[in-house]
Each structure stands twice: as C-alpha cells, then as structure tokens.
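This report refers to the structure that appears directly beneath it.
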Amino acid sequence: STLFPYTTLFRSSYIEKMFKFKSEHKENVIILIGNHDMQYIINQAETNRYEYDLAKKSDLCSLFEDYQDLIYGVAYNIGEKYLISHAGVTFDWYVKYCTSDEKNVPLTPLSEIVENINKMWKKKKGAFTFRANAKLSDHYGISAAQSPVWVRPLTLWYHNIFGVDSGKIQIVGHTAFDNDDFGIQKDTCDRIGTI
C-alpha cells in the first residue's frame with residue numbers, strides 16, 4: 001500500500017507523456033490498444049493487474065477518455081504485408097466479429113481487414129474482452145476465438161488469419177519471451193510468420 005500512490009502517479013504520468021508525445025509527432029507515432037490499457041478504457045477488470053482503486057479514482061480511465069482521439073485502434077497495417085496488433089488476429093475471431101464471408105477472408109486486402117477490426121473496436125469494445133471470447137476454462141488466451149489483444153502465439157500459429165504460406169506477417173508483442181525459452185519461442189514465431 002505504500003507503493004500504490006507512487007504506482008498510480010507513475011502510470012498516469014507515463015501514459016499522459018505518451019499521449020503528449022503522440023500529439024507532438026502525429027505523423028510518426030501510432031498508438032494501438034493492448035489488454036492492460038483496454039481494461040481502463042472499458043473500466044472493467046480484464047487482467048490480473050487491474051487496480052480497482054485506480055479505476056475508481058478514474059485517473060487512467062479519464063486519461064484514456066481525454067486522449068481517445070489519439071488512439072489509432074487495435075490494428076494497423078504497413079502495406080499489404082504487415083499486420084500489427086497487440087497479440088495477433090486469428091481467423092476464428094475475425095470471422096466471428098468482422099465478416100460473415102469466411103471463404104473470402106484470404107482474398108480480403110489487409111487494409112480492409114484492419115479497417116474492419118478498428119470499426120469493430122469503435123462499435124463493440126466488448127468483442128475484445130477476455131471473457132467474451134473465452135471458451136470453457138481458457139484462462140490464458142489459448143482459445144482460437146480470443147481477440148487481437150489476448151490470443152497467445154501457439155494459438156495464433158494454428159489459427160492465423162492468413163493461414164499458411166501467405167507471405168504476410170503479423171507483428172505482435174503481447175507474450176514476452178523468456179530468455180531460457182527464447183529458442184522455442186522464436187521458432188514458434190518464425191513458423192507463424194510473426195515478429
């Protein structure tokens with residue numbers, strides 16, 4: 001409890017600095033939503049690091065609301081090759097929330113896929129929560145229906161929106177690499193076409 005005020009102050013000040021940096025460098029900075037900030041945007045506990053007191057005081061919730069226009073969304077693309085999101089986009093989640101035409105997903109331009117994901121974020125933030133997409137006892141984001149802020153690398157490998165050998169690459173950062181496990185993790189990322 002002694003550290004809590006410092007933690008709150010640090011997080012709020014760090015996030016505010018990030019938004020101010022973005023506003024000063026609009027053309028060079030893209031802000032995407034991840035699972036830890038998403039929970040303060042919707043003001044609902046969705047991770048084990050959610051701080052109820054912080055949400056109640058609304059420091060972080062207010063910051064995200066005040067600067068919401070600076071947030072690009074959940075996904076971003078570079079050309080038609082790179083899809084960037086916090087955790088990755090699975091075929092299952094995309095078909096569940098963004099299209100009913102699953103046969104044409106592989107033919108859909110990447111820019112349109114990103115646009116559909118970000119439209120869904122604006123329309124139905126609940127589609128990105130852990131609880132909405134959990135199946136049975138999935139506490140770790142391993143369900144193929146998990147959203148682009150939750151899914152884990154191995155699930156992304158099996159259920160990648162692009163399928164196999166598409167030449168497209170997903171860039172993600174949700175799951176940290178353990179130094180002892182780096183070889184296995186890197187191999188998994190290479191095999192799913194993910195950085």
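None of the values given here were measured: they were computed from a predicted structure.
Heavy atoms of other residues, nucleotides or ligands lying less than 6.0 angstrom from CG of Asp165 number 12 at most. Residue-environment remark: CD (Glu80) exceeds the threshold of 12 foreign heavy atoms within 6.0 Å.
Put simply, the side chain of Ile161 does not reach to within 4.5 Å of the side chain of Val95, judged on heavy atoms. Counting heavy atoms from C-beta outward, Ile169 and Lys81 have side chains that approach closer than 4.5 Å. With contacts defined as side-chain heavy-atom distances shorter than 4.5 Å, the pair Met120/Phe128 qualifies. For the pair Val172 and Ser85, the minimum side-chain heavy-atom distance is below 4.5 Å.
Note: Tyr97 and Trp93 have tilted aromatic rings, judged against thresholds of 30 and 60 degrees for the angle between ring planes.
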Using the rule given for side chain to side chain donor-acceptor pair (under 3.5 Å), can you reason through Tyr76 versus Asn118, listing the C-alpha separation, both sets of side-chain angles and the distance that settles it, and then say yes or no?
CA-CA 9 Å; Tyr76 182 76; Asn118 290 332; over 6 Å; no
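Remark: Phe64 pairs with Phe19 by the ring pair (Phe, Tyr, Trp, His ring centres under 6.0 Å) rule, at least two apart or across chains.
Put simply, the residue from Ile84, Val89, Ile33, Leu32 that forms a side chain to side chain contact (heavy atoms under 4.5 Å, CB included) with Val74 is Ile33.
Ion pairing between Glu24 and Lys20 fails under the 4.0 Å rule for side-chain N and carboxylate O.
A cation-pi contact, defined as under 6.0 Å to the ring centre and within 45° of the axis, is absent between Lys124 and Trp121.
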